[in-house]
Amino acid sequence: MTQPALDLVIAALEKIREENDRAPRASRTALARLQAEVLQKAGTQPLTAPNKAELLAPIRERVRGCTKCPHLACTRTQTVFGVGNPDAELMFIGEAPGVDEDKQGEPFVGRAGQLLTKIIKAMNFAREDVYIANILKCRPDTPAGTFGNRAPTPIEMQTCRPYLVEQIEIIEPKVLVALGAVAVEGLLGTRGTMRELRGRWHAYNGIPLMITYHPAYLLRNQAPSEKRKVWEDMLQVLERLERPITERQRNYFL
Ligand code: SF4
């Protein structure tokens, strides 16, 4: 295939993908590799496909300048793109940055984030091994003079979701974990109670998806039974990832 023809094919595929994130099935990473291979065959470039970090970088830049939600663009301190290993096999998805995340530019750094980090460590991962992102990249605004965070609206999530879709396409994790019902609604467009959703496997574009409670819920509800539910969900994730599970981990309570 000649380079101009390849460019046309890639442009057409990307247009289809942007209009409908379920099709075509070629991921950004696959397209980038294809392009690098053809360029190499044409003798115009060595065979060095961009790595996943390089593929994420331009999306991060687009997010940084995004004003699709003008009310959030003018109240945010900064955008919160995502953090972690672009080659992660495990990706956590939350709903939106809160006040701490807005300040620091990193998802899950407040009290709920510290609990998520504890969960990740108990799974025998470092925080840097996994990838963490939210549906929304800007903090949902709150009335002046008020404290706390608010949940993102369905329209805000719909507007921002394409960025997350691109992140998932590039990272291609083996397992996704959605934290809380709002994240599930943002990702799948499905509303449900956590009682109905959690503890069993779902799928997002062919990727196994575990739904569990948001760590903020566990901070509000300290009952050991609720914490154990989240840990049992994480044990299922470890099994799906074919990671060794120790006896201590099996009996663990958060
Ligand atoms: S929430 Fe997302 S879509 Fe809305 S302004 Fe921020 S980055 Fe853009």
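Indexing begins at 1, ligand by ligand and atom by atom, following the structure's order.
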Taking the cut-offs as 6.0 angstrom to the six-membered ring centre and 45 degrees off its axis, would you call R62 and F81 a cation-pi pair?
no
Does NZ or CZ of K227 lie under 6.0 Å from the centre of the six-membered ring of Y252, at an angle within 45° of the ring axis?
no
Would R64 and E61 pass as an ion pair if we require N to O under 4.0 Å?
yes
Atom 8 (Fe) of ligand 1 and C66: any N/O/S contact shorter than 2.8 Å?
yes
Numbering as shown, the atoms of ligand 1 that approach K137 to under 4.0 Å (heavy-atom distance):
7 (S)
Nearest option to atom 7 (S) of ligand 1, as decided by whichever heavy atom of C138, P162, P140 sits closest
C138
Can the ring centres of H214 and F92 be said to be less than 6.0 Å apart?
no
Give the atoms of ligand 1, by number and element, whose distance to some non-hydrogen atom of K68 is under 4.0 Å.
3 (S), 5 (S)
Metal site atom 6 (Fe) of ligand 1: N/O/S of C69 inside 2.8 Å
no
Between E156 and K137, is there a salt bridge with N-O shorter than 4.0 Å?
no
What is the nearest protein non-hydrogen atom to atom 2 (Fe) of ligand 1, stated with its residue, atom name and distance?
C160 SG, 2.3 Å
